[in-house]
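Encoded as structure tokens, the structure appears first; notes follow it.
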Amino acid sequence: MSKNKDFLRTIVEEDLKSGKYKEVVTRFPPEPNGFPHIGHAKSICINFGIADDYQGHCNLRMDDTNPTTEDTQYVEALKDAVEWLGFDWGENVKFTSDYFPKLYDYAVELIKMGEAYVDSLSEDEIREYRGTVTQAGKRSKYADRSVEENLDLFQRMKKGEFKDGEHVLRAKIDMSAANMKMRDPLLYRIRHAHHFRAGDEWAIYPMYDFAHCLSDYIEGVSHSICTLEFENNRDIYDWVLDTLGLKSARPHQHEFARLGINYTVMSKRKLLELVNSEKVSGWDDPRMPTIAGYRRRGYTPESIINFCDQIGVAKANSMVDVAQLEFCIRDDLNTKVPRVLAVLDPLKVTIQNYEGTEEIDAPYYPHDVPKEGSRKIPFSREIYIERDDFIENPPKDYFRLTPDQAVRLRHGYIITCKEVIKDPDGNIAEIKAEYHPDSKSGHDTSGIKVKSAIQWVSAKEAKTVEVRLYDRLFKDEAPEGLEDINPDSLRVIKNALIEPAVITEKPDERFQFERLGYFYADPLDYTDEKPVFNKIVGLKDSWAKKTKSTQSVPKPQVKKVQVDGEEASMDEVQQALFDMYTSELKLNAEVANILARDEHLSSFYKETLSLLNSPVSLANIVVNEVARELKEKQVDELNFSAAQIAELVKMIDDGTISSKIAKQIFEEMVQTGANPTQIVEDKGLVQISEPSKISPIIDEVIAKNPDNVAKFKAGNTKLLGFFVGQVLKTTGGKANPKVVNELVAEKLK
RNA sequence: UGGGGAUUCGCCAAGUGGUAAGGCACUAGCUUUUGGUGCUAGCAUUCAUAGGUUCGAAUCCUAUAUCCCCAUCCA
């Protein structure tokens, strides 16, 4: 974990190292208005995972500030999910509603500071006054109310003297802010509604932007991690805490990309729609991407956590392939779960030369799973095999039973087809077969070679079970809504057959039905009289893939076309400057272009030019290095002067330093404002150009990396850069790169 | 359209001036009494595009393109 950590952990580590926080405190802050889904699992893994990794703590906090949508059934679901995933939130679950009194006090404080006011505009007016993304808004006439009036009004709002919507409390920030969120955001609204925890005590409820940052602060949260859509809210987050003067180790917000998985939907609204429209059986329908759904389906917490680890954390919107999740559950179950024989679509086989019965001893686990355990499988004259496992006219590469091809009954004997019995419609009704007595698994002396072993059950002893075959809920890779539902997402097989030990011995609740997939005894509907198994996931099936791929047409991969826009044209002054740069000073067009278009840059350049007559070198450093600093700062805020830049360039020009060192010195100048010559002197950064000094270092590097020398000699010329880099590194960047390049190339010839 | 983010293989994702990690998917071969598993090998001369700086650029500079978020009294 020390290597390749995600950007959040990098931030946490830096903050810990710098002493910004003594301890890491995170929180998982869901709103209890829906069941948690696998996207929440990602957030849970991040927040609790980071806390675990750095010996900190993670709170589970219900963000229950909207009484009209929230409910206690959802807080139970949330707790279940976190617990099931194996995380510990400590003593108590936290609730934002517990902080309502404190939050109220903070609001009063803000009013007293003149930073918040009671607005009495209607909802529509507020929207109108807010302006648009391109137009500034205008402030409400109520914004001028006195502190006393605001205090009085706010207190009466709290007491319930006004109707819903009559007044709101707003922060007084900036109605023309480019960030729409900062246009006097609402802090409190009146809601005469029953809160599932706070009851009827409050007539006003805080808004997310006010409650969240303060709740984090109250709980001593250090890193407030949320999803990308809250990036714009960060300004309010900081404003509230800063304005209230909440300084000591106050929390900071960091955003990551939420999880998207193809062939599924993740928004609470769409999930609720699925439940309400009864397209699924409930929040825990095994096809749902809810944690309850995966759990009911048979997924393990380990597999979900592993999935969250594998997909990583970053800031780019992404859509993870559902195959990645399926891999995780297969991978987990492979080493854990007993293998048993089941037949979903039975075809009767009568073994004509077999009399009586016997019990075959068979291990539950294959040779590559180091677990103990076995059961007896009854064998008799009448058995069932999978309908798929016999074909009269097989395609090439078909390994199973055919009129001419024998097959092994898994753990049992090899059988040969003797006769195919058909019903009046021409469907295969039964196979008459013969077994080879000397071919029993483990004691095979028959010498018969078969290409595969198939699952089977004994007709008399097999148990009938219900099997629910689940497939992806949506047929579309990026489903919009209910219209994209996969009509075959659930297939119920009422009369599947299974070997008796599964039912009588119950060795586990999850199984691999050999050659079919992983299955889970449904935790709700399973009874001894009527066992029910859910399909968790199929096995990888390269045969099915092969047969399918011959039919499906490869979809054309459309390469995206790059559209190139045009650069805005220059005005007259810029054009004149550009011409002067290119013709008189011999700057290249690109550099001249950048300089001419930027007034600050060109004037800075002019100043340096008056001190040193080296137009090209100066232009390069101004355009490529100084420009970066000037992006965020004004000229007078800069730590360095034009004269110092001229000084720096002079040293490059006369060969005192290399341009690599120049960049290093420039960084130093940006930080400390020190003089370049002084830096060179202090750190002894004078360039080393004598081959006699460089040569031994190269020899050393070459001696240390025999592998790479061989690779280079084999034709990997990219490695030249590697050697040059190594030499430069050992000299602290001081070696003249040109000389090093030549020398290395020569030595490696 | 203003502001804020993002862009590295089919899908995720490391990398922050010196050899383009890893996982999934895919393709071969070996192993196998599961067409499973395991093992081995192959999968980016190139990092959205075009220029520039540099001995050397995914990384620094400039411009352009594309996608996502923001105008709920939701969170």
Side-chain angles (χ1 to χ4, degrees), chain A residues 3-4 29-31 33 63 65-66 69 123 126-127 130-135 137 164-165 168 177-181 183 186 188-191 207-208 212 228-233 255 257 262 310-312 314-321 323-324 327 330 334-335 339 366-369 397 399-400 408 410-411 441-442 444 450-455 512 514-515 539-544 546 557 560 562-568 588-591 593-594 597 620-621 623-625 627-628 658-660 663 708 711 716 718-726 728-729 736-738 740-742:
Chain A
K3 222 181 147 199
N4 289 351
E31 183 189 13
N33 69 345
D63 209 0
T65 56
N66 185 0
T69 56
E123 202 173 332
I126 287 180
R127 204 186 340 272
R130 190 143 39 213
T132 69
V133 286
T134 49
Q135 287 171 308
D164 283 12
V168 290
N179 179 355
M180 296 285 297
K181 296 272 178 192
R183 321 250 257 228
L186 276 62
Y188 270 91
R189 77 288 212 184
I190 300 171
R191 270 295 116 90
M207 303 288 291
Y208 166 84
H212 203 92
L228 249 30
E229 66 269 27
F230 290 98
E231 273 171 331
N232 296 312
N233 300 249
E255 310 87 12
N262 58 10
Q310 283 188 14
I311 57 174
K315 294 194 73 158
N317 289 312
S318 57
M319 180 77 85
V320 176
D321 195 335
Q324 186 105 25
F327 167 82
R330 279 192 204 107
N334 177 42
T335 54
R339 319 289 141 127
H367 62 94
D368 50 358
V369 173
D397 294 335
F399 295 167
R400 290 105 100 156
R408 175 174 298 281
R410 172 113 243 230
H411 301 302
S441 187
D444 187 355
V450 291
K451 285 188 175 145
S452 75
I454 61 172
Q455 75 271 27
Q512 185 194 107
E514 289 206 38
R515 304 211 304 134
L539 257 28
K540 250 178 89 172
D541 188 347
S542 46
W543 170 245
K546 207 189 280 184
Q557 287 283 335
K560 266 195 211 148
Q562 174 73 25
V563 185
D564 290 319
E566 248 173 62
E567 197 174 1
N588 78 37
E590 176 70 18
V591 171
N593 186 27
I594 296 166
R597 283 167 184 277
N620 282 341
I621 203 159
V623 162
N624 289 294
E625 312 297 329
R628 180 168 55 245
S658 64
S659 61
K660 187 188 180 77
K663 289 193 184 192
N708 282 337
K711 275 194 226 168
N716 191 347
K718 277 184 293 188
L719 253 26
L720 186 66
F722 164 77
F723 287 108
V724 174
Q726 289 298 307
L728 252 4
K729 207 174 184 178
N736 182 329
K738 266 183 199 154
V740 175
N741 248 304
E742 281 163 24

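Here is the naming used below: chain letters follow the sequence lines, and residue numbers restart at 1 for every chain. Reckoned from all heavy atoms, side chains included, excluding hydrogens, waters and symmetry mates.
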*Contact class for A/Leu539 vs. all strands (heavy atom < 4.0 Å): base, sugar-phosphate, or nothing?*
base
*Pairing partner of B/C67 (Watson-Crick or G-U wobble, both distances under 3.5 Å)*: B/G5
*Separation of A/Glu514 atom CD from B/U37 atom P, in whole Å?*
13 Å
*asked:* Would you measure the distance from the C1' atom in B/U46 across to the matching atom in B/C9 and give it in whole Å?
replied: 10 Å
*Take A/Gly312 and A/Lys315, find for each the nucleotide of RNA chain B with the closest heavy atom, and name the residue whose nucleotide sits nearer the 5' end.*
A/Lys315
*Rounded off to whole Å, could you give me the CZ-to-P distance for the A/Arg597 and B/C61 pair?*
18 Å
*B/G56 and B/U19: how far apart are their P atoms, nearest whole angstrom?*
15 Å
*Atom CD1 of A/Ile621 and atom P of B/U62: how far apart are they, to the nearest Å?*
15 Å
*Taking for each residue the nucleotide of RNA chain B with the nearest heavy atom, is it A/Lys738 or A/Asn262 whose nucleotide lies nearer the 5' end?*
A/Asn262
*Looking at B/U19, does its base get a donor-acceptor pair with the side chain of A/Asn708 below 3.5 Å?*
yes
*Between atom CG in A/Asn4 and atom P in B/G23, what is the gap in whole Å?*
12 Å
_P spacing across the pair B/A48 / B/G10, given as an integer number of angstrom_ = 13 Å
_Whole-angstrom distance between B/A14 and B/U59, as gauged at atom C1'_ = 13 Å
Collect all protein-nucleotide pairs involving nucleotides 26-28 of chain B in which both atoms are nitrogen or oxygen and the distance is under 3.5 Å.
from	atom 1	to	atom 2	distance (Å)
B/C26	OP1	A/Lys545	NZ	2.5

*Please state whether the phosphate of B/U54, meaning OP1 or OP2, lies under 4.0 angstrom from any side-chain nitrogen or oxygen of A/Asn620.*
yes
*asked:* Counting primed atoms plus P, OP1 and OP2 as sugar-phosphate and everything else as base, spell out the protein contacts along nucleotides 68-75 of chain B at 4.0 Å heavy-atom distance: B, S or - for each nucleotide, 5' to 3'.
replied: SBSBSBSB
*Do you know the tightest heavy-atom contact between A/Gln324 and A/Val320?*
CB-CG1, 4.1 Å
*Closest to side chain of A/Ala314, choosing from B/A14, B/G52, B/G35*: B/A14
*How is A/Lys729 classified with respect to the nucleic acid when contacts are heavy atoms under 4.0 Å: base, sugar-phosphate, or nothing?*
nothing
*With the side chain of A/Asp368 defined as its heavy atoms from C-beta on, choose the nearest nucleotide among B/U37, B/U54, B/C61.*
B/U37
*So how far is it from A/Asp541 CG to A/Lys546 NZ, rounded to the nearest 0.5 Å?*
10.5 Å
*Across all strands shown, which nucleotide pairs with B/C11 by Watson-Crick or G-U wobble geometry, both distances under 3.5 Å?*
B/G23
*asked:* Which heavy atom of A/Asn179 sits nearest to which heavy atom of A/Asn232, and what is that distance?
replied: ND2-O, 3.0 Å
_So for A/Arg408 and B/U33, does any side-chain atom that can act as donor or acceptor lie under 3.5 Å from a complementary atom in the base?_
yes
*Mark yes or no for whether A/Arg183, through its side chain, and A/Arg130, through its backbone, hold a donor-acceptor pair below 3.5 Å.*
yes
*A/Glu590 (side chain) and B/G52 (base): donor-acceptor pair under 3.5 Å*: no
_A/Glu566 CD to B/A65 C1', straight-line distance once rounded to whole Å_ = 13 Å
*In whole angstrom, give me the gap between the C1' atoms of B/U53 and B/C12.*
33 Å
*Closest contact, heavy atoms only, A/Arg408 versus A/Asp444*: NH2-OD2, 2.7 Å
*With no angle test and no hydrogens, is the base of B/G36 tied to the side chain of A/Arg330 by a donor-acceptor pair under 3.5 Å?*
no
*Using atom C1' of each nucleotide, how far apart are B/A20 and B/U37 to the nearest Å?*
31 Å
*B/G52 base to A/Asn624 side chain: any donor-acceptor pair below 3.5 Å?*
yes
*Looking only at non-hydrogen atoms, find the nearest pair between A/Met207 and A/Leu186 and report the distance.*
CG-O, 3.4 Å
*Is the glycosidic angle of B/U72 within 90° of 0, making it syn, or outside that range, making it anti?*
syn
*Decide yes or no, distance alone: a donor-acceptor N/O pair under 3.5 angstrom between the base of B/A65 and the side-chain of A/Asp564.*
no
*Is A/Gly565 touching bases, backbone alone, or none of the nucleic acid, heavy atoms closer than 4.0 Å?*
sugar-phosphate
*For A/Ile311, which contact category applies under a 4.0 Å heavy-atom criterion: base, sugar-phosphate, or nothing?*
sugar-phosphate
*Which one is paired to B/U37, where only Watson-Crick or G-U wobble pairs with both distances under 3.5 angstrom count?*
none
*asked:* The side chain of A/Gln512 is closest to which nucleotide in this list: B/U34, B/G35, B/U53?
replied: B/U34
_In this structure, how many angstroms lie between the P atom of B/U33 and the CZ atom of A/Arg339, rounded?_
15 Å
*Take atom P in B/G42 and the same atom in B/U8, then report the distance between them in whole Å.*
25 Å
*So, is A/Arg515 close to the B/G35 phosphate, meaning a side-chain N or O under 4.0 Å from OP1 or OP2?*
yes
*What's the spacing between A/Glu31 CD and A/Thr65 OG1 if we round to 0.5 Å?*
6.5 Å
*Looking for any heavy atom pair under 4.0 Å, which part of the strands does A/Phe399 touch: base, sugar-phosphate only, or nothing?*
base
*N/O donor-acceptor pair, side chain A/Ser441 with base B/U33, under 3.5 angstrom*: yes
_So for A/Asn588 and B/G51, does any side-chain atom that can act as donor or acceptor lie under 3.5 Å from a complementary atom in the base?_
no
_Base, sugar-phosphate or nothing for A/Gly137? Non-hydrogen atoms, less than 4.0 Å._
nothing
*Looking at every strand, decide which applies to A/Lys451 at a 4.0 Å heavy-atom threshold: base, sugar-phosphate, or nothing.*
nothing
*Contact class for A/Val724 (heavy atom, under 4.0 Å): base, sugar-phosphate, or nothing?*
base
*Any strand is fair game: report the nucleotide pairing with B/A57 by Watson-Crick or G-U wobble, both distances under 3.5 Å, or none.*
none
*Say whether, by atom type as modelled, one donor and one acceptor occur between the side chain of A/Thr69 and the main chain of A/Asn33 under 3.5 angstrom.*
no
*Going by ring centres under 5.5 Å and near-parallel planes (under 30°), is A/Phe722 stacked on B/G18?*
no
*Minimum heavy-atom distance between A/Trp543 and A/Asp397, given as atom pair plus value*: CZ3-O, 3.4 Å
Show each protein N/O and nucleotides 43-47 of chain B N/O combination with a separation under 3.5 Å, one pair to a line.
from	atom 1	to	atom 2	distance (Å)
B/U46	O4	A/Lys718	NZ	2.9

*When you get a sec, tell me which of B/U34, B/A6, B/G18 is the closest nucleotide to the side chain of A/Ala316?*
B/A6
*Could you give the distance separating B/C60 and B/G18 at their C1' atoms, to the nearest angstrom?*
15 Å
_Check whether A/Asn588 reaches the backbone of A/Val591 with its side chain - one donor and one acceptor, N or O, closer than 3.5 Å._
yes
*Whole Å only: how far is the CD atom of A/Gln562 from the P atom of B/A50?*
8 Å
_On the side chain of A/Gln324, is there an atom forming a donor-acceptor pair with the base of B/G23 - under 3.5 Å, no angle test?_
yes
*Is the base of B/C55 touched by the side chain of A/Asn741 through a donor-acceptor pair closer than 3.5 angstrom?*
yes
_A/Gln726 CD - B/G56 C1' separation (whole Å)_ = 14 Å
